[in-house]
Amino acid sequence: MIRIYNTLSKKKEDFVPLKEGWVRMYVCGPTVYGLIHVGNARPAIVFDAFRRYLEYRGYKVVMVQNFTDIDDKIINKANDLGVNPQKLADTFIAEYFRDAHSLGIRPANFHPKTTDYVKEIIDTVQKLIDKGYAYKTPYGDVYFSVRKFPKYGELSGKKIEDLIAGARVEPGEEKKDPLDFALWKAAKASEPWWESPWGKGRPGWHIECSAMSTTLLGESFDIHAGGEDLIFPHHENEKAQSEACTGKIFAKYWMHNGMIRMVGEKMSKSLGNIFLVRNAVAAFGRDAIRLFILSKHYRSPIDFSEEILIDNKKAVRRGWEAIERFEKRMNVEIPVPKYDSWMNEQIEKFKESLDDDFNTPEAVAQIFNLIKELNKAMDSGDEDKALKAYHLIKREFGPVLGLFDLSREIKRLEGKESKLIDLLIDIRNKMRKEKRFDIADEIRDKLSEIGIILKDKKEGTEWEEVK
RNA sequence: GGCGGCGUAGCCAAGCGGUCUAAGGCGGGGGUCUGCAAAAUCCCUAUUCGUGGGUUCGAAUCCCACCGCCGCCUCCA
């Protein structure tokens, strides 16, 4: 039985999907006005892995991750650049997919964009007006009446009274109550707009997720996930709108990941860059970033630091070395081992960890234990055990977490460069045979200086390019 | 002020009432390999869980107090 922590009840609950055998989940995606940073990557990695785990446990999963492609930030940035907001958003959606792919994140089943669902959004807003939960102002804005929805605050644990102090009314707004939030915003000059029953305007921030999730997953679905900073107001508002509109429970389980914190005060500008997913992948590699994120429970905050990423990169390298060592000695199609009691015990343990609110640190620890087993088995010539360990790491558990999953990211020099290095290695080995170690060592050291590391193994000298 | 969370080895991080003399990773120490290194690999590396009380046959795990951190409270993954 899978148990997950539900933000709504603030405790771990047994996971029982609404429709047996199926899981419908919605993950809040980024607002696309720039390249994503490592913080954006956390929910993407974690909930993609969680979805894979659900599939591993036999569920059919329908996953939706949206893009908010129209909002104030996009409009402002587009105006600054003097470009069309839609072009800007579409550009960064493309860039998002590039980054997500580089992190080994599988695409969701649906990636809806707000601007493709304006009709559904308008329908939802109209329904809320019809039901008396929303109202139009003379300016052409539409607001949701928070006080008409008694359960408001249920998700974030906030009380209406406490919210009043922080509520604000912008000049030009005509809210009946400062707590009310916009469902539809009247178009200002130089803003994109759509025709609606209330005049020209655009969707408010929260309504898109309600409209898209309902359209694609139904009025009620199983899991709604995102960063914990979205609990309030985004998810609280989404929930209020949706439940007011349908009269049904919106999402059964709410899952929220912790934030990634940026520590250290290194060179601020270039530092900002290193947190971009793109730069992080280039510097540390996909698996190191995944390991970094999956090594800590998804609900806890993580401190991002170069040092930790380097540690994780080393750990990942060790894993790959063992895997490749095994693959080399097989050098044909690697068979599927006969599942025995040891393997089944391992599988049970893996499931036990992940069933418990997706405890990936435990599952990761188990994978590293298996790496040790793999090495030991190879050292002692126990090929059968080695195959079993390899199979569990590379073909059963790795693909669930997306670790040691895709091919290893090593830069491979090719062509003449590669041949030159081979030539140098040949010369060095001749020197070594002739005991002219000064020359041999000079070749080795000079290659090392330019990032080519030589590894003298029993089978011969291998090399690897290191950043 | 309101709500929520955290403090476990040099660092990162699981464990949340007995199987804990506490997983896993990095680092460190030692061995193997090597001409020497590097790489790789193996072994070792917290009688102790922020502090002080309490509950219990038994606590890192529950309760209370204190100290120190952090997140959210309408931009935010």
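Below, chain A is the first sequence line, B the second, and so on; all start at residue 1. Computed from a prediction, not measured in an experiment: that's the story for all the values here.
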Under-3.5 Å N/O pairs linking protein and nucleotides 44-46 of chain B:
none

Worksheet entry | Gap between atom CG of Asp357(A) and atom CG of Asn6(A) - 0.5 Å precision | 10.0 Å

Worksheet item: Once the angle between the rings of Tyr133(A) and Phe144(A) is folded into 0 to 90°, is it parallel (under 30°), tilted (30 to 60°) or perpendicular (over 60°)?
Response: parallel

Item to complete: Quick one: label Arg290(A) by what it contacts on the DNA or RNA (base, sugar-phosphate, nothing), any heavy atom closer than 4.0 Å.
Response: nothing

Practice prompt. Let me have a per-nucleotide readout for nucleotides 6-11 of chain B, 5' to 3', with B, S or -, counting only protein heavy atoms under 4.0 Å.
Written response: ------

Worksheet item: According to the Watson-Crick and G-U wobble definitions, with both distances under 3.5 Å, which nucleotide is paired to G27(B)?
Response: U45(B)

Practice prompt. Tell whether Asn359(A) reaches the base of G15(B) with its side chain through a donor-acceptor pair below 3.5 angstrom.
Written response: no

Item to complete: Compare side-chain N and O positions of Lys313(A) against OP1 and OP2 of C26(B) and report whether any pair is under 4.0 Å apart.
Response: no

Practice prompt. Would you mind checking if Asp356(A) and Lys12(A) are paired as a salt bridge, meaning a charged N to carboxylate O distance below 4.0 Å?
Written response: yes

Practice prompt. Name the pairing partner of G68(B), where a pair is Watson-Crick or G-U wobble with both distances under 3.5 Å, or state none.
Written response: C6(B)

Worksheet entry | Atom-pair distance (CD1 on Ile260(A); P on A13(B)), nearest Å | 12 Å

Discussion item. Any side-chain to backbone donor/acceptor pair from Arg147(A) onto Asp177(A)? Under 3.5 Å, distance only.
Written reply: no

Worksheet item: Taking the inter-plane angle between the rings of His224(A) and Phe250(A) on a 0 to 90° scale, is it parallel (under 30°), tilted (30 to 60°) or perpendicular (over 60°)?
Response: tilted

Worksheet item: Heavy atoms under 4.0 Å, any strand shown: does Gly39(A) hit a base, just sugar-phosphate, or nothing?
Response: base

Worksheet item: Which part of the nucleic acid does Lys457(A) contact within heavy-atom distance under 4.0 Å: base, sugar-phosphate only, or nothing?
Response: nothing

Worksheet item: Under the 5.5 Å and 30° test, is Phe368(A) stacked on the base of G25(B)?
Response: no

Fill in: Nearest-0.5 Å distance, CD1 of residue Ile70(A) to OG1 of residue Thr115(A)
7.5 Å

Discussion item. What's the closest nucleotide to the side chain of Leu230(A) if the choices are G35(B), G25(B), A77(B)?
Written reply: A77(B)

Fill in: Closest to the Ala315(A) side chain, choosing from A77(B), U74(B), C26(B)
C26(B)

Practice prompt. State whether the distance check finds a donor on one side and an acceptor on the other, under 3.5 Å, for side chain Asp456(A) versus base A39(B).
Written response: no

Response to the item:
Considering only heavy side-chain atoms of Asn40(A), the closest of A39(B), A77(B), A14(B) is A77(B)

Practice prompt. List in numerical order all residues of residues 63-81 of chain A for which some heavy atom is under 4.0 Å away from an atom belonging to RNA chain B.
Written response: Lys73(A)

Worksheet item: Can you find a donor-acceptor pair, distance only, under 3.5 Å between Arg444(A) side chain and C36(B) base?
Response: yes

Practice prompt. Just compare G4(B), G35(B), A14(B) and give me whichever is closest to any side-chain atom of Lys10(A).
Written response: G4(B)

Worksheet entry | Proximal nucleotide (of G24(B), G15(B), A39(B)) relative to the Arg317(A) side chain | A39(B)

Discussion item. Would you say Asn40(A) and Tyr96(A) are linked by a side-chain donor-acceptor pair, where the criterion is simply a distance under 3.5 Å?
Written reply: no

Discussion item. By nearest atom, which of the nucleotides C73(B), U41(B), A77(B) is closest to the Phe232(A) side chain?
Written reply: C73(B)

